[in-house]
Amino acid sequence: MDTLLENAEKRIRELTETINFHNYRYYVLDEPLIDDAEYDRLMRELQRIEKEFPQLKYPDSPSQRVGGEPLESFRQVKHEEPMLSLNNAFTIKEVFEFDRRIKDELKKEEDALSSVDYICEPKLDGVAISLLYRDGLIEHAATRGDGEIGEEITANARTIKGIPFRLFGDDYPTLLEVRGEVYMPKHSFKILNKRAKAKGEKIFVNPRNAAAGSLRLLDSKITAKRDLFIYCYSIGSVEGGVLPSTHGEHLKKLKQWGFRICPEVQKAQDVDACIEYYNGIKDKRDELSYAIDGVVYKVDEIKHRKIIGFIAKAPLWAIAHKFPAEEEISIIEAIEFQVGRTGSLTPVARLSPVFVGGATISNASLHNMDILQRLDVRDGDSVVVRRAGDVIPQVVSVIVELRDQNAVPTELPIVCPECNSPVKRVKGESVIRCGAGLSCKAQRKEAIKHFASLHALNIDGLGDKVVEQFVNVGLIESPVDLFGLKEEQIAKLEGQGAKSARNLILAINKSRHTTYSRFLYALGIKGIGVETAKSLSDAFARLKELMTATETDFEAKRNNYEFSNIGPVIINNIIEFFQNDLNTKVVEALIDPDIGGIHWDEKRIDLDQKTTLPLLGMVFVLTGSMENMTRSQAKAHLEALGGKVSNSVSKNTNYVIAASGAGSKLEKAKELKLNILNEQEFLKFLRNHED
DNA sequence: GCTCCTCGAGTTCT
DNA sequence: CTCGAGGAGC
């Protein structure tokens, strides 16, 4: 019996040490020695023996990473040494001033000082925590809190990847406090939110909130399932041991003892090298797996730090050099509802202007009712505004703490703000619509804008502003009226001269000659975009045929034509559109030679010729901007050869043409191992096929 | 019934 | 660009 117990004890010790070592290889050194399956096998064996002999479990057993019993609440702990915050620099000038102050301070003590070494590290956007080790064993972990007092989160910290339970080596101090930043990788954050969304649970605004929220869970078993990591960046209080003389050496020691150190940490010989580091990190920011909001420079020599000292609550020997803000706070000045072409009422936030992400933002769409209600945005609210990698401003969240007590929830409109007709909401959809159709002035305007737009009749000089003006003064009511306009009428209007009037009339005349599919698209039937209009024009050779088509006619076409992406919903939209008398009258007037005069060439597609096109059935995706041609020219070239140009990359894509400035689509193409052409290769490709 | 893919719609600023 | 809905395939 004794030998059984002894064997178990020996094996448990072995396994504990082995697994802790492999954790170190994997998370700290990033050089695993065994594969995941082997690791799992060791872990399962340990768990099995520990279950049998619970009294033998070691305090540093890696099995505890799965979490323990839930807590009632968190205990507050006072930090031995306060956890300070850093001063911020937003400009290079501020960084130079920081460097100058340090040199001045040090010169008082050291005459021969030439330059100061700095350690540069990315500033992780996570949660700062403190870890306390006594005799090499983890004793407790605490959040930063207000810097003086934090919360004890030891059970949760045990589940974080890269936190050792027992230190490696034997040269560690008896008491050692280590500080680091806990973070959730960007991709883990996305997955977490996706799952939460699917389950209808609360989603997190950003990876930092996800990390903070996960650390503050009372049930560490749930924390264990969250993908949390740590990068350690400094040593706090120390007793019973001697530390090296520079910060860089401290980090090396920490790594030896088993802590995870960010691989981007670098030494800079002077302030210029710091700036170079800043620019380098800024460029690779998106590639990093974790979110950062700047970089930190710290004086390397510990003895220098003592000379430089502190002011208020921040050290003068370190500074955070921040990237331009991607998020800013603004005030909601009003929430308005815009009426779209399809009658959709889109809530839009009017904001007090803020500079964020390189541009001043004063409007942000709130997209639809679901989002409006989920955010619970109210008039006068302080909100977080973002303009991240993408261009489009977005209201991220409301700062509820700053809300005026009297603020009332935003009411959904019952009537259209433009025409006062009652609003409709289709069950299950997140949009509400004005049901008045073209009798709503706003929808008429949008319909005309759409009619004149680039991919429809492409009428030059008839932009949004001009349409607004013409409709407001009663010059036009429908697209038909455009074709009855006289130069004198236009020239009389404010802001219009004889010249612009003539140009506009010329453009309108030119637009009379168009293509069948452009015309179909221009009508603005719900769900009919450029692509679907093309399919329709192929399937129904004559407009009359399409206008009178019944459901059975559409079904019949399915067998004869490539009729993809047109299902019952779209078919119904088309039939409804042409059943409306107002619509058919407009269409007939537009093509009437005496009124609209719109016409197109009836094209006879030679099927034999079509099948010999070299790129038939091939799907291309264009991304980035080319030097030698525009995107639409490239598209035209490909389509002339029978190719299809799609907007989204998938495994069905044959070629991705990635010119300079290509972004996420190129990433995805690489992921899917698709054929990728750069601009030069693409031009060659075209030449080869156009012969 | 579920999952993947594609298209349409809406949106901001320079 | 992103989101969501429609459509198709399994």
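Letters A, B, ... are given to chains in the order of the sequence lines, protein chains preceding strands, and every chain is numbered from 1. Computed from a predicted model, the values in this text were never measured in an experiment.
Whole-Å rounding puts the A/His367 NE2 to B/dT12 P distance at 8 Å. As a whole-Å value, the separation of A/Ile574 CD1 from B/dC7 P is 16 Å. What separates CD of A/Glu336 from P of B/dT11 is a distance of 12 Å, to the nearest Å. Between the CG atom of A/Asn572 and the P atom of C/dG6 there is a distance of 11 Å, rounded to whole Å. Regarding A/Lys445, its NZ atom lies at a distance of 16 Å from the P atom of B/dG10, rounded to whole Å. Taking atom CG of A/Leu351 as the reference point, atom P of B/dT12 lies 10 Å away to the nearest angstrom. For the pair A/Ile525 CD1 and B/dA9 P, the interatomic distance rounds to 10 Å; values are reported in whole Å. In this structure, the CD atom of A/Gln394 is 18 Å from the P atom of B/dG10, given to the nearest Å.
Side-chain atoms of A/Thr342 lie closest to B/dG10 of the nucleotides B/dG10, B/dA9, B/dC5. Comparing atom distances between the A/Thr532 side chain and each of B/dT14, B/dG8, B/dT12 picks out B/dG8 as nearest. Of the candidate nucleotides B/dT14, C/dG7, B/dT11, C/dG7 has the atom nearest to the side chain of A/Val569. In this structure, the nucleotide among B/dT14, C/dG7, B/dT12 sitting nearest to the side chain of A/Val348 is B/dT12. Here the nucleotide nearest the side chain of A/Thr346, chosen from B/dG10, B/dC13, B/dA9, is B/dG10. Comparing B/dA9, C/dG7, B/dG10 against the side chain of A/Lys526 picks out B/dA9 as the nearest. Distance from the side chain of A/Ser646 is smallest to B/dC7 among B/dA9, B/dC7, B/dC13. Ranking B/dG10, B/dC5, B/dC7 by closeness to the A/Ser344 side chain, first place goes to B/dG10. In the set B/dT14, B/dT11, B/dC7, the nucleotide with an atom closest to the side chain of A/Glu531 is B/dC7. Nearest nucleotide to the A/Pro568 side chain, out of C/dG7, B/dC13, B/dC5: C/dG7.
Under a cutoff of 6.0 Å and an axis angle of 45°, A/Lys186 and A/Tyr290 do not form a cation-pi pair.
Within the 4.0 Å cut-off from OP1 or OP2 of B/dC5, at least one side-chain nitrogen or oxygen of A/Lys651 is found. Contact check, A/Gln338 against B/dT11: a side-chain N or O comes under 4.0 Å of OP1 or OP2. A sub-4.0 Å separation between OP1 or OP2 of B/dC13 and a side-chain N or O of A/Asn363 is present.
Annotation for A/Leu462 and A/Phe470: closest pair CD1-CE2, 4.2 Å, computed over non-hydrogen atoms.
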Check your understanding: So A/Tyr278 and A/Phe323, ring-ring contact (aromatic ring centres under 6.0 Å, His included) or not? Walk me through it.
Key -> CA-CA 9 Å; A/Tyr278 171 87; A/Phe323 297 137; 5.3 Å; yes
Check your understanding: Are A/Arg378 and A/Asp376 close enough, and set up right, to give a salt bridge (charged side-chain N to carboxylate O under 4.0 Å, His left out), and what steps lead you there?
Key -> CA-CA 6 Å; A/Arg378 305 179 186 189; A/Asp376 186 24; 3.0 Å; yes
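Checked for salt-bridge contact, A/Glu545 and A/Lys557 meet the test: a charged N lies under 4.0 Å from a carboxylate O. Ionic pairing of A/Glu468 and A/Lys449 is present here: one or more N-O contacts between side-chain nitrogen and carboxylate oxygen are shorter than 4.0 angstrom.
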